[in-house]
Undergrad: 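Structure provided below as structure tokens; questions to follow.
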Amino acid sequence: MKVRTEARREAILEVASQVFVEFGFKRASMIEIVRRLGGSKSTIYGYYPSKEALFQAVTRAAGEKQIQTAFDELASPDAIDRIDAVLSKFGQELAHFLCRPDLMATHRMVLAEAGHSNVGELFYEAGPKQGVSDLGTFLGRAMEKGRMRKEDPTVAALQFFALLEAEIQLRWYYRDPPPLSDTQITGIAQRAVATFSRAYELQPAPPSGTSSPSPSAAPSGPAPNAESQPALG
């Protein structure tokens with residue numbers, strides 16, 4: 001019974017995601033979701049008590065399915081000592097996630113309706129807010145261990161995401177931007193991490209038996225690509 005229940009829950013989230021993107025949050029209806037899914041409204045309400053709760057569940061499920069493993073890496077015991085490599089890998093995985101067509105469609109829908117409903121708040125609370133918290137916790141630990149310059153870790157997390165989105169966000173405003181190659185997406189992540197590394201003076205772990213240096217000079221992050229252009233394709 002549990003397997004069948006989870007399968008039904010996943011089916012509801014999949015269909016609901018399609019309906020939200022197609023109609024937008026305001027015009028999406030539980031009736032349309034039921035029509036595509038089959039069954040009755042009471043079945044969906046047995047899982048999610050409202051359209052708002054269903055939308056938040058769709059948002060959380062997308063993150064858990066596509067990017068949760070990247071956030072889990074931040075909590076690994078030795079992640080701080082590998083901060084440069086960890087942030088580089090995290091940035092690349094997150095950049096690939098942000099470039100997904102379905103996520104771009106979701107962002108467009110949220111931006112279009114945020115001024116007319118609470119859909120923007122629902123989206124942020126269900127997904128990005130937790131991401132900022134998780135990355136902020138990781139960066140705060142790194143600051144305490146002297147791996148980067150001490151500042152407000154939550155602000156640092158917000159700035160990291162902003163740098164990563166800088167070359168991606170403009171794609172949301174074009175009707176049909178050409179897809180980016182893996183090489184282009186990797187370049188976006190590398191440039192964002194390099195800028196963040198210099199700004200926060202990221203320090204590698206000291207050799208065994210030596211003390212950790214205090215961040216005070218320019219970091220050893222990779223130099224940005226001087227020929228980089230906005231990532232429209």
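This is a predicted model, so every value here is computed, not measured.
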Undergrad: With the side chain counted from C-beta on, respond yes when Glu73 and Phe90 share a heavy-atom pair under 4.5 Å apart, and no when they do not.
TA: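 No. Closest side-chain heavy atoms not under 4.5 Å.
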Undergrad: With heavy-atom distances below 4.5 Å as the criterion, would you say the side chains of Phe71 and Gln130 are in contact?
TA: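 SC-SC contact between Phe71 and Gln130 ruled out.
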Undergrad: Tell me whether Tyr124 is reachable from Phe160 by hopping between hydrophobic residues (I, L, V, M, F, W, Y) whose side-chain heavy atoms are closer than 4.5 Å.
TA: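 Yes; tracing contacts between hydrophobic side chains, which count when under 4.5 Å, links both residues.
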Undergrad: What is the ring orientation for Phe20 with Phe25, classed by angle as parallel under 30°, tilted 30 to 60°, or perpendicular over 60°?
TA: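 Parallel.
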Undergrad: Drop me the distance from Ile185's CD1 to Gln190's CD, to the nearest 0.5 angstrom.
TA: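 Taking CD1 in Ile185 and CD in Gln190, the distance rounds to 12.0 Å.
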Undergrad: Considering non-hydrogen atoms only, spot the tightest contact between Val58 and Ala16 and give its length.
TA: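 So the two residues come closest at CG2-CB, 3.9 Å.
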Undergrad: Where the side chain of Glu113 meets the backbone of Lys26, is there a donor-acceptor pair that is under 3.5 Å apart?
TA: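 Confirmed, Glu113 side chain pairs with Lys26 backbone.
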Undergrad: Verify, without hydrogens or angle tests, whether Ser133 (side chain) and Lys129 (backbone) share a donor-acceptor contact under 3.5 angstrom.
TA: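 Not at all, since once roles are kept as given, no pair shorter than 3.5 Å links the two residues.
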Undergrad: Please tell me whether Thr183 and Ser181 have a donor and an acceptor in their side chains that are separated by less than 3.5 angstrom.
TA: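 Short answer, no.
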Undergrad: I need the Arg171 CZ to Asp176 CG distance, nearest 0.5 Å.
TA: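 One gets 9.5 Å once the value is rounded to the nearest 0.5 Å.
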Undergrad: Give, for atom CE of Met104 and atom CG of Leu98, the distance between the pair rounded to the nearest 0.5 Å.
TA: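 Going from CE on Met104 over to CG on Leu98, the span is 11.5 Å.
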Undergrad: For Leu180 versus Gln184, what's the shortest heavy-atom pair and its separation?
TA: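 Looks like CA-OE1, 3.3 Å.
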Undergrad: Charged N to carboxylate O under 4.0 angstrom, Lys65 versus Glu10?
TA: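 No salt bridge links Lys65 with Glu10.
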Undergrad: What is the distance from atom NZ of Lys51 to atom CG of Leu122, rounded to the nearest 0.5 Å?
TA: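 One finds 10.5 Å between NZ of Lys51 and CG of Leu122.
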Undergrad: Side chains of Leu37 and Arg8: closer than 4.5 Å at any heavy-atom pair?
TA: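 Yes; the side chains approach each other to less than 4.5 Å.
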Undergrad: Within this structure, what is the CD1-CG distance for the pair Ile33 and Leu13, rounded to the nearest 0.5 Å?
TA: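 So the gap between those two atoms works out to 9.5 Å.
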Undergrad: Would you give the length of the straight line joining atom OG1 of Thr59 to atom CD of Glu125, rounded to the nearest 0.5 angstrom?
TA: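 Atom-to-atom, Thr59:OG1 and Glu125:CD are 11.5 Å apart.
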Undergrad: For Glu14, does its backbone N or O pair with a side-chain atom of Ser17 as donor and acceptor, under 3.5 Å?
TA: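 No; zero donor-acceptor contacts below 3.5 Å.
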Undergrad: Please check if any side-chain donor atom of Gln56 sits under 3.5 Å from a side-chain acceptor atom of Glu52, or the reverse.
TA: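 There is no such pair between these side chains.
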Undergrad: Between Glu32 and Arg35, is the closest basic N to carboxylate O distance under 4.0 Å?
TA: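 Yes, charged N to carboxylate O under 4.0 Å.
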Undergrad: What's the shortest heavy-atom distance between Ala79 and Phe138, and which atoms?
TA: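 Shortest heavy-atom separation between Ala79 and Phe138 comes out as CB-CE1, 3.7 Å.
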Undergrad: Are the side chains of Ile31 and Lys41 in touch, meaning some heavy atoms are under 4.5 Å apart?
TA: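 They are in side-chain contact.
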Undergrad: I need the minimum non-hydrogen distance between Ile83 and Ala142, along with the two atoms involved.
TA: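 The answer is CD1-CB, 3.5 Å.
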Undergrad: Specify the closest pair of heavy atoms between Arg100 and Asp102, including all atoms of both residues, with the distance to one decimal.
TA: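 Here Arg100 and Asp102 meet closest at NH2-OD2, 2.9 Å.
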Undergrad: Classify the angle between the aromatic ring planes of His107 and Phe123 as parallel (below 30°), tilted (30 to 60°) or perpendicular (above 60°).
TA: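 Aromatic pair His107/Phe123 classed perpendicular.
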Undergrad: Which heavy atom of Ala95 sits nearest a heavy atom of Ala189, and at what distance?
TA: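 That would be CB-CB, 4.2 Å.
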